[in-house]
Amino acid sequence: MLDIKFVRKNPEIVKENIRKKFQDHKLPLVDEVIRLDEKIREDKQVGDQLRAKRNTMSSNIGQYMREKKIDEANQMKAEVQKINQELEGLEKEEEELSEKLKKIMMTIPNIIDPSVPIGKDDSQNVEIERFLEPKVPDFEIPYHVDILEKVKGIDLDSARKVAGNGFYYLTGNIARLHSAVITYARDFMINKGFTYCIPPFMIRSNVVTGVMSFDEMDAMMYKIEGEDLYLIGTSEHSMIGKFIDTILNKEDLPYTLTSYSPCFRKEKGAHGIEERGIYRIHQFEKQEMIVVCEPEESKAWFEKLYHYTVELFTSMLIPVRTLECCSGDLADLKVKSIDVEAWSPRQKKYFEVGSCSNLGDAQARRLGIRIKGEKENYFAHTLNNTVVAPPRMLIAFIENHLQKDGSIEIPEVLRPYMGGLKEIRP
RNA sequence: GGAGAAAUACCCAAGUCUGGCUGAAGGGAUCGGUCUUGAAAACCGACAGGGUGUAACAGCCGCGGGGGUUCGAAUCCCUCUUUCUCCGCCA
């Protein structure tokens with residue numbers, strides 16, 4: 001969400017940005033916003049004058065009442081009633097227009113970083129860098145579910161019976177590996193100076209609508225029946241929600257938090273072979289990182305954040321690459337976004353395992369996350385990034401560490417979390 | 001789940017019964033200044049936020065959130081949320 005004052009002063013920049021994102025149908029919205037804003041300010045001024053008049057007259061009535069000048073008081077009461085009638089319509093109009101303005105403002109995309117590559121859709125995303133060599137072994141890598149079944153690490157049949165499609169039982173050493181990855185990732189982030197946090201796994205509707213649009217909510221969030229609660233789709237929801245409507249002290253910044261949570265997603269409209277197995281599921285676990293910082297620091301944090309993920313994956317000897325979202329593929333709220341993709345020797349391509357986003361001040365403006373300034377308060381910048389989401393990363397993990405004999409090698413860094421285990425055998 | 005009490009600005013807190021010289025007193029903290037070689041103390045000033053408009057002054061909204069009554073609401077009514085105390089239940 002942009003600053004309306006910015007739109008007012010720089011309509012051309014806003015329009016140019018919309019063109020860069022190939023959303024030309026939104027161009028007329030800019031002028032409409034400016035028109036609405038003008039009308040609202042006009043209403044506000046007229047209303048303020050009426051309210052000022054009412055305030056003085058009301059206190060005059062009090063004065064008359066004390067002096068027992070009943071007639072004068074009653075006469076003035078009638079006058080104020082007239083003002084109130086006038087105000088009623090005006091206030092209603094102001095409210096309606098503000099609502100309309102806000103709605104449109106939500107759909108006008110954030111100004112993207114100048115470094116973002118221009119492109120229409122995800123096919124034009126740009127590879128930034130590769131880490132570790134993407135190897136294809138001389139034996140065939142089976143589908144990940146088959147590998148997992150061979151080591152008795154997954155039970156999808158029972159899960160379908162108990163909870164339906166999109167759930168899994170992880171068992172034995174694979175379940176342990178899953179926990180090991182989470183714990184390793186947690187400690188990895190703590191060592192980077194992040195504060196570990198376990199947030200609520202359910203949040204209220206007002207927090208949900210704060211962090212996402214209605215359509216997103218409908219497509220992702222599970223609602224608890226009979227309660228004003230939703231299961232979180234990512235801990236970012238609870239973690240950013242923590243800061244809604246707060247004014248932060250400079251000396252407490254930056255907030256660098258790493259959070260663990262299960263994530264629940266409806267995943268409406270997901271299908272296809274590569275979306276099956278444990279790639280896209282209704283419930284998974286994730287270690288997340290978020291940063292709330294000074295505006296001028298967000299760019300530097302962005303670079304740091306996705307490099308942490310890269311470092312984490314390469315420390316587990318999983319080849320990754322970074323892929324930058326082009327303008328057209330970038331979500332409206334984001335200034336810049338880079339995905340971390342892991343190598344799949346089976347598919348012989350990279351697939352997404354994490355996503356790092358700099359939201360600039362757009363999220364903060366929307367949620368009222370401010371910093372106490374010398375003279376004026378200003379909006380913070382927010383960023384979020386996946387540390388690791390084990391079920392999906394496990395696909396990359398087992399594919400890259402599968403040995404010819406069907407065993408899965410455990411990289412050095414994870415062994416302490418696996419009781420010293422060096423490999424998982426069939 | 002049941003009963004009761006409460007929510008005022010960064011913190012403490014008066015005001016609520018009885019609506020109007022409260023467009024929120026007072027204290028602490030913080031920041032700026034005077035004094036001082038420096039500091040403390042004392043004194044003076046600023047001090048929740050959010051809009052609008054101006055050359056400047058001013059004005060509007062704001063007492064947990066939302067709604068209502070009224071000429072006028074921190075104050076009365078409804079509702080939601082949160083906190084505390086007690087009872088019940090339960091890892």
Side-chain angles (χ1 to χ4, degrees), chain A residues 1-9 33-105 198-211 223-230 238 241-253 255 262 361-380:
Chain A
M1 190 157 141
L2 292 173
D3 186 353
I4 182 68
K5 284 183 200 156
F6 179 84
V7 182
R8 212 185 284 158
K9 279 186 204 147
V33 154
I34 291 170
R35 214 170 36 243
L36 279 170
D37 173 55
E38 230 164 78
K39 179 70 182 143
I40 289 167
R41 276 149 62 208
E42 203 182 295
D43 283 0
K44 203 165 259 175
Q45 273 196 72
V46 177
D48 279 0
Q49 277 165 17
L50 286 173
R51 276 183 286 267
K53 214 163 148 190
R54 178 177 67 185
N55 287 345
T56 42
M57 287 174 95
S58 288
S59 70
N60 283 342
I61 292 170
Q63 191 68 32
Y64 284 138
M65 302 285 268
R66 252 167 297 171
E67 291 166 6
K68 305 267 189 265
K69 294 181 180 168
I70 305 298
D71 288 347
E72 283 93 332
N74 283 338
Q75 200 184 333
M76 203 164 263
K77 272 188 197 179
E79 274 180 63
V80 179
Q81 253 160 350
K82 263 186 232 157
I83 293 178
N84 277 341
Q85 269 170 23
E86 212 175 317
L87 257 175
E88 202 178 343
L90 202 67
E91 281 174 347
K92 204 175 151 195
E93 181 180 80
E94 197 187 317
E95 198 182 324
E96 278 168 8
L97 294 178
S98 301
E99 193 91 353
K100 207 167 158 190
L101 177 79
K102 198 181 161 195
K103 229 177 192 166
I104 300 176
M105 284 299 285
I198 300 176
F201 302 156
M202 298 184 205
I203 52 177
R204 286 232 173 89
S205 58
N206 63 329
V207 181
V208 180
T209 50
V211 295
K223 189 180 188 323
I224 304 294
E225 199 175 298
E227 309 260 347
D228 181 29
L229 285 172
Y230 290 80
S238 344
K242 203 168 127 70
F243 294 96
I244 288 181
D245 285 326
T246 52
I247 298 170
L248 309 168
N249 291 316
K250 265 179 182 298
E251 55 268 28
D252 295 331
L253 292 168
Y255 284 89
D361 66 359
Q363 190 174 42
R365 175 169 295 108
R366 195 163 148 180
L367 302 177
I369 304 172
R370 284 154 299 168
I371 300 172
K372 199 168 184 59
E374 302 289 324
K375 281 188 182 148
E376 280 195 332
N377 297 338
Y378 51 94
F379 290 104

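Because only heavy atoms are used, hydrogens play no part in the values below, and waters and symmetry mates are left out as well, while side chains stay in.
The stretch residues 79-99 of chain A touches RNA chain B through A/Val80, A/Gln81, A/Asn84, each having a heavy atom within less than 4.0 Å of the strand.
Atom CD of A/Glu38 and atom P of B/G51 are 19 Å apart (whole Å). A/Ile40 places its CD1 atom 15 Å from the C1' atom of B/C61, with the value rounded to the nearest Å. Per the geometry, NZ belonging to A/Lys372 stands 13 Å off C1' belonging to B/A29, to the nearest Å. Atom CD of A/Gln63 is separated from atom C1' of B/C71 by 15 Å (rounded to the nearest Å). When the P atom of B/G20 is taken as reference, atom NZ of A/Lys77 falls 15 Å away, rounded to whole Å. In this structure, A/Asp43 atom CG and B/U52 atom P are separated by 14 Å, rounded to whole Å. A straight line from CE of A/Met65 to P of B/U70 spans 14 Å, rounded to a whole angstrom. For A/Arg204 and B/G66, the CZ to C1' distance is 14 Å, given to the nearest whole Å.
Checked for salt-bridge contact, A/Lys44 and A/Asp48 miss the test: no charged N lies under 4.0 Å from a carboxylate O.
In this structure a side-chain-to-backbone donor-acceptor pair under 3.5 Å is present from A/Asp3 to A/Lys5.
Residue A/Asn249 is out of contact with every strand shown, counting any heavy-atom pair closer than 4.0 Å. Among the atoms of the strands shown, only primed sugar atoms or phosphate atoms (P, OP1, OP2) are found under 4.0 Å from some heavy atom of A/Asn377. Nucleic acid contact for A/Lys53: none, since no nucleic acid atom lies under 4.0 Å from a heavy atom of the residue. Among the atoms of the strands shown, none is found under 4.0 Å from any heavy atom of A/Arg365.
Here the closest non-hydrogen pair linking A/Val33 and A/Ile104 is CG2-CG2, 3.4 Å. A/Asn84 and A/Arg54 make their closest contact through OD1-NH1, 2.9 Å (heavy atoms, listed as atom of the first residue, atom of the second, distance).
Within the shown strands, B/C87 is the pairing partner of B/G1 under the Watson-Crick or G-U definition, both distances less than 3.5 Å. Base pairing of B/A46: its partner is B/U30, meeting the Watson-Crick or G-U wobble criterion (both donor-acceptor distances under 3.5 Å). Partner assigned to B/C35 is none, using Watson-Crick or G-U wobble distances below 3.5 angstrom. In this structure B/U16 sits in no base pair that meets the Watson-Crick or G-U test at under 3.5 Å. Under the Watson-Crick or G-U wobble criterion, with both distances below 3.5 Å, B/U81 is paired with B/A7.
B/G51 takes the syn form, because its glycosidic angle lies no more than 90° either side of 0.
The base of B/G59 lies close enough to the side chain of A/Asp48 for a donor and an acceptor atom to sit less than 3.5 Å apart.
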